[in-house]
Amino acid sequence: MKYGFYPGCSLHSTAKEYNSSTKGVAKNFGIELVEIKDWICCGATSGHTTFNYLSLALPAENMNSVKKDGLSELAVCCAACFNRLKVANHVISNEPDKKEKINEIIKSKYDGDIKVKHFLEILVKDYTLEKISEKILKKLNGLKVACYYGCLLVRPDKIMRFDDPENPMIMDNLISALGAEPVDWSFKTECCGASFSLTKTDSVLRLGNDILRGAKETEAECIAVACPLCQSNLDLRQKSIERKYNEKYNLPVFYFTQLVGLALGIDKKELGLEKLMINPEKLLHEKNII
Amino acid sequence: MRIGVFVCHCGTNISFTVDVERVAKEISKLHHVLVSKDYKYMCSDPGQRMIASAIKNEKIDRVVVAACSPRLHEKTFQKCLENNNLNPYMIEIANIREQCSWVHEDKEKATKKAIDIIRLLVAKVSSNKPLFKRQVPIEKKALMIGGGIAGIQAAIDIGTAGYRVILVEREPSIGGRMAQLDKTFPTLDCAACILTPKMVTVSQEPNIQIHTYSEVEEVSGFIGNFTVKIRKKARSVDMSKCTGCGICWQKCPTKVSFEFDHGLGERKAIYVPFPQAVPNKPVIDRTVCRYFTAGKCKLCEKLCSAGAINYEQKDEIIEEKVGAIVVATGIELFDHSVYGEYGSGKYKNVITGLQFERMINSSGPTAGKIVRPSDKKEVESVVFIQCVGSRDEAKGVAYCSRLCCMYTAKHALLLKEHYPNAKAYVFYIDIRAAGKNYEEFVKRAQDEYRVLYLRGRVSKIFSRKDKLVVSGADTLSGTKVEIETDLVVLVSALIPRYDAVKIAQMLGIPYDKNRFFTELHAKLAPSETVSNGIFIAGACQFPKDIPDTVGTASSAAAKVLNIFAQDSLTTEPIIASIKERICNGCFDCKVVCPFNAIEETITRDKRKVAKIIESICHGCGLCATTCRVGAIDLDGFTNEQIMAEINAL
């Protein structure tokens, strides 16, 4: 199994632990991730709020590089990158006028034919849960996990075609396969506020509070995410949220790859657990996971 | 041969794009054409008088009218010929409006095309032969499929007019959806109080024979002469012996979820669906009965003093001859589980409008109490969400289900009447209250009963402790609202019965993309279907409230009575005929005939050949095009006529 790998800016900066845990898990499963040469910005946030063609041409250029590398499938971890890449493919495949202009901008001919896959899909659909179960060394028994998908993975459904946009289950199924217990909760695809973290912090605190409260109410002990922005808004901001709303959550926010890594017995250093703001050590000890 | 051609301007509908005068002039040059005229409106009296005078003075014996589609005025002009002692089939209509002027812009080209079209019909009419209508007898008995208020009303109308009716209902009792309802808008009279007298009337009318727990399985034949097969499902109860005393269903040990209450209540394995059921005699549900599933019990048989229980009873197929059919199969609720944001059906306290209706009904599962299904606690607040599935092309149906605004207002009002301190919220997109006293009724719910209407969609329902939280937008105040509530009522879209397509195919009537049965004409023939003698009534055509349902039922009944009032039916002579001499007996025609109008016969020289059953043939022409040896001709569209047209081109 060989995929092009697009880390995006966050996996090389704020979400280094997502990067290292993904690579650790991939190596363990024998999934080859080839980082694409000279990758550039995916066009998220500042790109697509300022100039539509820029936000389409940037991902197109990236996917064109995948093609040049002789690969047909691209693995992505960040939900925002995943969304931009898929949107660009959708536009290029369905709107010939725009396709022409995009190809003009990237000075190449890209047809929208690179298959973009989130690493979650690669694990669950391509590698399959059965094979994952076989490789597990340490079941995450008794760990109650709220699987949080955020909005960008599943929406807009017409383009993303990822999972049920209201009640996605792909991460829940993966977490179950690890031996942990995904909780049935109602905030799986609520918005976390994403990049408004810096410009409209109050809104992000309010949204984060709704999500954390929703998780706590179903007695989840931690949250699993698949997006660096979701992670930082729930983890980094958790203390501020607790202060502002006078609550006590203390919910570690893991990347799903970290939980898979724990079940595979990958070293916690490699998984970057120490980078989490809400320290998971105590919880993981209690559950006999580390 | 003397042909007259009459070219219509249709106001400017035709003459705007076709140079009609030039057309008439060009056509007048054709062989055998003695008269070629144009006129502003050929269908008008002066227009028809032009034809009449040409028949009288120029002695023309065949006519071509170049005008609109034959669907519109062919009959008018046929009548005109008939009144002037010319066989009505000596006419051809050249459609130069729908098939020429309306669809073209270039006047020169359109004019040429109009001339071509008329030339073809002149060639065709040259080989027309007089045809004569036939009379077929009528079986003056009607079949109602569906025993809801529509079927009941139509049956009463036809039955009391003196004709026999067979009413077939698949449930154990007639009554349909209306029997499930509590009160009816906008007058708030109780549904049972106005329905049950009708049910009694229909059951006591000697002309009406009711088959409940039965389904129509096969329909063949044609208007005036249908043959239907009805499966009378085994009730396991001898109807002639049963007194309806009720001991069997009181003592039956098996309890199951009750479909009539939409899962809120329970019934026994032997049951009558509701106290006023007609017939008030039970059926045994063999899929759950202990005797049928485990082989022992027979408690009902032991208790029945009338000896009416009969476990050996078998399904019975009966055959009936009827002259007309009214389809009134009704509607059901859209499955809201596609709405993940509303819990996909996982929250017990998210219910449908029909479940609310059953609860608030004093003979329903909670005897009129509105409770949370999760813990049976009476509610303090209820949120109604309108348009769940309706007006939602992404997840539901594109259309407005028409009744929901009204019954939601009724539910909210009834809730406040039962629980004056309870809070009632209604989320809506638009309020559609078009009907007599409807808008006033909604206003009453809003003003007098203080039901809070919020204009906006609900984005999510989630649970918080034992309550539900409804999160949505109030677009009028521009705010996001979050309401903690005990119960949420999803006002789901109304869709045709799950097996509507099967019924349509059995009857040979069309249905639309939403599976509703299609009327013959949306405005001018709303009760008829393309199949003569088959009519539609009630909500199987489109969601209808009770007044509209009763109206359409009576309309369908009137159409049936219109047929029965005639001594015999006049049928079109445009049917197929077989030349015995040429037929080689391959019977490919029999295979393709959709009406089973072809039978085998033996000629005098002992050859097996095909024969058209004239009374059944619809003149579709399939057999004529299939016949490889050219033995079959369709009168009015003979091979000779078609070839003449092609040659003229």
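Throughout, a chain's letter reflects where its sequence line sits, starting with A, and its residues are numbered from 1.
Within 6.0 Å of CD on A:Glu219 lie no more than 12 heavy atoms contributed by other residues, nucleotides or ligands. Applying the 6.0 Å contact sphere to OH of A:Tyr53 captures more than 12 heavy atoms from other residues, nucleotides or ligands. Under a cut-off of 6.0 angstrom, the local environment of NZ in A:Lys216 is crowded, with over 12 non-hydrogen atoms contributed by other residues, nucleotides or ligands. Heavy-atom contacts from other residues, nucleotides or ligands closer than 6.0 Å to NZ of A:Lys287 number more than 12. Taking a 6.0 Å sphere around NZ of B:Lys369, one finds it holds 12 or fewer heavy atoms contributed by other residues, nucleotides or ligands.
With rounding to the nearest 0.5 Å, the separation of CZ in A:Arg213 from CZ in B:Arg464 is 3.5 Å. For the atom pair OG1 (A:Thr218) and CZ (B:Phe462), the distance works out to 12.0 Å, reported to the nearest 0.5 Å.
By the 4.0 Å N-to-carboxylate-O rule, B:Lys460 lies close enough to A:Glu190 to be salt-bridged with it.
Taking the side chain as every heavy atom from C-beta outward, B:Lys346 and A:Asp184 approach each other to under 4.5 Å.
Between B:Ser463 and A:Ser186, the shortest heavy-atom contact is N-OG, 4.0 Å.
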